[in-house]
2 protein chains.
Amino acid sequence: MIESVVTHNHQPIIYTVIHDAHEHAHNLTDWQQHYDQISAGEFYGQIIERPFEDLQVFKEHTSQALSQSCLVWPDSIWLGISPQLQGKQNQSKINGLSLNSNDIMCRPGNIEFELTTPDAFDIYGLVISRDKLLNQANKQGVELNWQDILHNERLSIPDNTLSAINFLLARLLNHNATDSHGTPDHLTQDLIHMGLLEIFSKESPNQTVHTSYQHRKSIVDRARDYLHQHHERAITLSELCEACHTSRRTLQNSFESILGLSPIQYLRYTRLNGVRRDLKQAKTGETIGDIAARWGFWHLGQFAKDYKNVFGELPKETLK
Amino acid sequence: MIESVVTHNHQPIIYTVIHDAHEHAHNLTDWQQHYDQISAGEFYGQIIERPFEDLQVFKEHTSQALSQSCLVWPDSIWLGISPQLQGKQNQSKINGLSLNSNDIMCRPGNIEFELTTPDAFDIYGLVISRDKLLNQANKQGVELNWQDILHNERLSIPDNTLSAINFLLARLLNHNATDSHGTPDHLTQDLIHMGLLEIFSKESPNQTVHTSYQHRKSIVDRARDYLHQHHERAITLSELCEACHTSRRTLQNSFESILGLSPIQYLRYTRLNGVRRDLKQAKTGETIGDIAARWGFWHLGQFAKDYKNVFGELPKETLK
DNA sequence: CTAATATTTGCCATAATTTGATAATGTGTT
DNA sequence: AACACATTATCAAATTATGGCAAATATTAG
């Protein structure tokens with residue numbers, strides 16, 4: 001991991017690079033995050049972050065598909081803007097809802113939400129305190145629609161607004177774009193505030209929800225609860241169906257539409273990630289076999305093979 | 001209200017008759033109940049109850065359809081046996097699940113459950129402490145299937161077992177059946193214990209659950225929450241649909257299959273029952289108009305007409 | 001109380017979803 | 001590497017949800 005803090009005459013830029021999804025999840029200042037890697041290949045993650053007063057701006061790159069659980073600090077609003085949704089639409093989901101190419105994501109602080117992101121994913125993030133945002137809105141005479149913001153995770157933004165915002169953020173956060181670093185902080189902040197207000201005044205909530213969403217979401221939630229409670233045991237699909245009072249086929253449809261994975265894939269990835277977490281902080285004396293068994297892996301040969309396939313290294317290498 | 005306690009040389013028999021569903025709900029010793037009357041006509045209710053040590057046996061008659069919310073004391077098991085389900089099957093529901101003619105109802109203590117009962121309904125009730133039941137089962141070498149008992153509200157019982165139990169209970173609880181009153185208590189209790197064990201050894205859970213049940217139940221639950229939170233305001237059907245993220249027709253189907261009432265019927269009955277409750281315990285100075293308005297009734301003429309139609313008396317008569 | 005208006009319900013055709021059987025594929029085990 | 005077993009894909013049939021419309025019912029105004 002390389003971590004460099006470039007200090008100019010103003011706020012620092014924090015730059016982190018990391019090769020593990022779990023560690024990467026902790027590198028965003030003041031966020032509580034939990035990442036599970038759900039595609040095969042060595043992970044590479046990078047964050048460029050600029051903290052201001054009451055305002056956080058960052059760019060995040062993640063090389064592998066992830067299932068993220070995120071929580072921002074209270075009394076704030078987060079916006080997530082992915083510059084390359086066009087190509088990868090329908091692969092990113094927030095709370096199980098697919099994004100259209102012109103959608104940005106929006107969630108208030110202190111409420112957990114889930115993100116499913118594909119491999120080779122880039123996203124800009126903006127977090128601002130609610131009070132600050134309200135102040136700015138008042139000052140500029142912009143009316144904010146809190147109902148939209150609080151109840152819709154996806155906001156559709158017109159093309160030109162979106163590209164303007166993307167340009168602004170790119171200028172601010174590209175590591176090589178030194179030109180922006182000469183700008184005084186207060187001017188940069190003003191620019192961002194204007195951008196935010198522009199977004200909120202042009203936004204219209206994306207309410208395209210399939211009728212099946214509610215039902216499928218509730219099935220997946222129940223299934224995940226159940227799997228979580230029994231993570232040390234081998235759960236069969238039929239058992240899970242009974243626990244969720246549903247049929248195999250519906251369980252599968254639900255998982256695929258909400259998480260983009262089949263139930264068993266989800267189960268396997270969750271467990272492999274669990275093992276990896278435990279391996280990273282294993283006490284001396286704990287064996288790989290112990291830890292693997294805690295997560296329901298009984299056949300170490302097969303396990304090691306799968307583990308290496310996903311994380312690019314063998315369990316014993318993780319254990320150091 | 002007539003209440004007579006007939007004392008013999010052993011346990012008393014408690015006999016209550018009442019003309020109001022809400023009061024009736026409180027007359028079962030040690031139960032927490034909340035009844036809403038959901039059919040039109042003057043209410044008449046009757047309970048015959050025999051309390052024993054660790055065991056309660058009763059018969060209940062209710063003249064009007066009811067939506068009941070029930071809670072038995074902790075560490076107990078309740079059985080509900082309706083002798084006339086044959087004719088009225090599909091009209092009685094427990095937690096929104098319809099009963100077949102050979103089903104009895106079963107719920108553990110300390111867990112709230114809901115009953116929908118038709119007009120002119122009779123039911124026998126048996127409550128026994130868990131420990132007592134386990135003791136008896138051990139003593140008789142009967143194995144109890146706790147999973148069935150805890151997770152299934154409906155147990156199917158063979159015809160002959162059912163009639164035997166019905167006969168036993170009728171003998172015990174028919175007001176005129178004086179012959180049983182000569183039997184010493186401990187013998188009666190033994191008979192009941194044997195009956196219970198017979199039931200639990202012959203029982204097979206009724207797991208006929210329509211696939212739509214889960215979904216519809218959750219819609220109805222959400223809808224009721226919403227209605228409960230806004231009981232003082234007039235809620236329109238479309239508003240409720242939005243709140244529940246569902247369509248008009250689906251909301252209606254859900255209510256009809258879970259509660260046996262349309263959403264608006266449910267709403268009206270709930271409110272009329274609410275007013276009646278408040279009227280019964282109104283402070284001096286409160287007017288009918290005040291109380292009615294609290295429950296969303298703005299047109300007193302219409303309200304009085306509906307109220308009389310359901311409860312058989314005008315609001316002012318209830319107010320005393 | 002009655003008439004005018006609005007809401008709700010029942011019914012229907014259509015669309016969407018769920019289901020279960022079977023075939024194909026993948027996984028764990030020896 | 002090969003077997004047995006479990007999972008996933010495919011498809012047609014069954015179930016369920018939806019929305020329009022007309023009839024029934026309820027609300028409001030006079």
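A, B, ... follow the sequence lines: proteins, then strands. Residue 1 opens every chain.
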Determine the contact category for B:Glu256: base if any of its heavy atoms lies under 4.0 Å from a base atom, sugar-phosphate if only primed atoms, P, OP1 or OP2 are that close, otherwise nothing.
sugar-phosphate
Between P of C:dG10 and CZ of B:Phe255, the distance in whole Å
14 Å
Does OP1 or OP2 of C:dA15 have a side-chain N or O of B:Arg249 closer than 4.0 Å?
no
Can you check whether B:His215 has a side-chain N or O nearer than 4.0 Å to OP1 or OP2 of D:dA17?
yes
Among side-chain atoms of B:Gln64 and B:Asp119, is any donor-acceptor pair under 3.5 angstrom?
no
For B:Gln265 and D:dA24, what is the distance between atoms CD and P respectively, to the nearest whole Å?
16 Å
Could you tell me whether the phosphate oxygens of C:dT17, OP1 or OP2, come under 4.0 Å of any side-chain nitrogen or oxygen in A:Ser212?
yes
For A:Thr211 and C:dA15, is the shortest distance between a side-chain N/O and OP1 or OP2 below 4.0 Å?
no
Pair B:Glu114-B:Ser67, side-chain donor/acceptor within less than 3.5 Å
no
Expressed as a whole number of angstroms, how long is the span from A:Arg248:CZ to C:dT18:P?
17 Å
Please determine whether a side-chain nitrogen or oxygen atom of B:Gln252 lies at a distance below 4.0 Å from atom OP1 or OP2 of C:dG10.
yes
Less than 4.5 Å apart, side chain to side chain, heavy atoms only: is that true for A:Leu272 and A:Phe297?
yes
Residue pair B:Trp298/A:Ser262 against DNA chain D: nearer the 5' end by closest nucleotide is A:Ser262
Could you check whether A:Thr270 and A:Asn273, counting side-chain N and O atoms only, form a donor-acceptor pair closer than 3.5 Å?
no
